[in-house]
Novice: 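This is the structure I have questions about; it appears just below.
Everything numeric here is computed off the predicted structure, so don't read it as measured data. Letters A, B, ... are given to chains in the order of the sequence lines, protein chains preceding strands, and every chain is numbered from 1.
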2 protein chains.
Amino acid sequence: MSDLITRLRRHQWRMTPQRRVIAETLDGAHVHYTADEILERACERMPEISRATVYNTLNEMVALGEILELNFDGRSKRYDPNAEHDHHHLICDGCGAMKDVHTVGDPLDWLPGDERHGFAVTEASITFRGLCPECQQAA
Amino acid sequence: MSDLITRLRRHQWRMTPQRRVIAETLDGAHVHYTADEILERACERMPEISRATVYNTLNEMVALGEILELNFDGRSKRYDPNAEHDHHHLICDGCGAMKDVHTVGDPLDWLPGDERHGFAVTEASITFRGLCPECQQAA
DNA sequence: ATCCTAGCTTAGACTTTGTCTAATGAAAGA
DNA sequence: TCTTTCATTAGACAAAGTCTAAGCTAGGAT
């Protein structure tokens, strides 16, 4: 998988300095940021960037299918520059840290036909929860 | 599993008319309501009940472990009076309808050790998405 | 039955997260 | 370079949820 900016260029999508900063912030991160965290980091490099631009840009990237929008805690959405739907998420209940993880097998196989209630099921996402190594020590 | 009010009584938890109305609203529902939907329904029976009481009460029930707080859409939290952690959720991408479902096998088995990053993993929840029978017809 | 007190409820202000609008600015093709 | 179209901006607005201070009440004590 190529980097986010390369993937975004493939759509007819005007590349502005603001969008570049947002994309680079997302792509360089080892954690999944909230919109406000991205705004904060983008402001370090481009102090005049506006909140509306960050929110608009993130929503467009989601609509283009190039990033994932995640809702873990019900507080604020987080954004994952890895848009592949083949991974799931592991979250620390202590500090909120998050990792992308891969499961063995296809989650769709785990929902038997008589539990599908006639739905055409196309996607499954799993959230694993627990304590990260640091929070286990602290506990 | 007994009804929600019975389960709540087992904790030293003062049972007020407001809390009773909220518990009955949750327990009698076939769908998972948002806090505001619960407020609206509670108001039909007790017009003077306040928003703060509904939010406080729901948070307390969650803390007692007797209901589940769900975050599907990132808009508003929903509450599930079935607090058992052995079920998962199936959501229609068309109309938002939701069903509780059971999987075959234990989701914790599906995350291999080398994907756990040292976490002590205790819980897994799966969200299945697709189209309900009605929305398949409409499409 | 009545009293007392811890803790519940209330209205409304406040906070956080996110969206919308109208005016200005800039990317990219002609 | 010019022009058109789309992006950006500040700030108002909206939705979801929390907090506060004052009054009220459930349930145990008497």
Novice: Kindly determine whether B:Gln18 and B:Thr57 satisfy side-chain contact (heavy atoms from CB on, under 4.5 Å), including the steps that lead there.
Specialist: CA-CA 9 Å; B:Gln18 290 87 346; B:Thr57 300; 5.8 Å; no

Novice: According to ring-ring contact (aromatic ring centres under 6.0 Å, His included), who are the partners of A:His117, at least two apart in sequence or on a separate chain?
Specialist: none

Novice: In the structure I gave you, are the side-chain heavy atoms of A:Met61 and A:Leu64 within less than 4.5 Å of one another anywhere?
Specialist: no

Novice: Using a strict heavy-atom distance below 4.0 Å, which residues from residues 40-49 of chain A are in contact with DNA chain D?
Specialist: A:Glu48, A:Ile49

Novice: Would you say a side-chain N or O of B:Gln18 is under 4.0 Å from OP1 or OP2 of C:dT10?
Specialist: yes

Novice: For A:His88, which residues count as a side-chain hydrogen bond (donor to acceptor under 3.5 Å, both in side chains) partner, sequence neighbours excluded?
Specialist: none

Novice: When the C1' atoms of the five terminal pairs at each end define the local axes, what inter-axis angle does the helix from C:dA1-D:dT30 to C:dA30-D:dT1 show, to 10 degrees?
Specialist: 30°

Novice: So, using side-chain hydrogen bond (donor to acceptor under 3.5 Å, both in side chains) as the criterion, who are the partners of A:Thr103 when residues are at least two apart?
Specialist: none

Novice: Indicate yes or no: at least one non-hydrogen side-chain atom of A:Ile38 is less than 4.5 angstrom from one of A:Tyr55.
Specialist: no

Novice: Spell out, as yes or no, whether a donor-acceptor pair under 3.5 Å connects the side chain of B:Asn56 to the backbone of B:Ala52.
Specialist: yes

Novice: Rounding to a whole Å, what distance do you find between B:Arg20:CZ and C:dC8:P?
Specialist: 15 Å

Novice: List the atom pairs, with distances to 0.1 Å, where a side-chain N or O of residues 122-139 of chain B and a protein N or O form a donor-acceptor pair under 3.5 Å, not counting sequence neighbours.
Specialist:
residue, atom, partner, partner atom, Å
B:Thr122, OG1, A:Arg129, O, 3.4
B:Glu123, OE2, B:His85, ND1, 3.3
B:Arg129, NH1, B:Asp93, OD1, 2.9
B:Gln136, NE2, A:Gly118, O, 2.8
B:Gln136, NE2, B:Leu131, O, 2.9

Novice: How does protein contact run along nucleotides 24-30 of chain C, one letter per nucleotide 5' to 3', with B for base contact, S for sugar-phosphate only, - for none, heavy atoms under 4.0 Å?
Specialist: --BBS--

Novice: Whole-Å distance between C:dT17 C1' and A:Arg78 CZ?
Specialist: 13 Å

Novice: Examine distances only and state if a side-chain atom of A:Arg20 and a backbone atom of A:Met15 form a donor-acceptor pair shorter than 3.5 Å.
Specialist: no

Novice: In terms of side-chain geometry, is the basic nitrogen of B:Glu37 or B:Arg78 positioned less than 4.0 Å from the acidic oxygen of its partner?
Specialist: yes

Novice: Sequence neighbours left out, what passes ring-ring contact (aromatic ring centres under 6.0 Å, His included) with A:Phe72? Give chain and number order.
Specialist: A:His89

Novice: Looking at residues at least two apart in the chain, or sitting in another chain, which of them share a side-chain hydrogen bond (donor to acceptor under 3.5 Å, both in side chains) with A:Arg45?
Specialist: A:Glu24

Novice: Using nucleotides 19-22 of chain C, report all nitrogen or oxygen pairs with the protein that are shorter than 3.5 Å.
Specialist:
residue, atom, partner, partner atom, Å
C:dT19, OP2, A:Asn59, ND2, 3.2

Novice: Who passes side-chain hydrogen bond (donor to acceptor under 3.5 Å, both in side chains) against A:Tyr79, sequence neighbours left out?
Specialist: none

Novice: Would you say the side chain of A:His32 lies within less than 4.5 Å of the side chain of A:Leu68, judging by non-hydrogen atoms?
Specialist: no

Novice: At under 4.0 Å between heavy atoms, what does A:Thr53 touch on the DNA or RNA strands: base, sugar-phosphate, or nothing?
Specialist: base

Novice: From the 5' end of DNA chain D to its 3' end, which nucleotides mark the outer limits of contact with chain B, defined by a 4.0 Å heavy-atom distance cut-off (strictly under)?
Specialist: D:dA16 to D:dG27

Novice: Looking at B:Glu66, is its backbone amide N or carbonyl O close enough to the side chain of B:Arg7 to form a donor-acceptor pair, meaning the two atoms are under 3.5 Å apart?
Specialist: yes

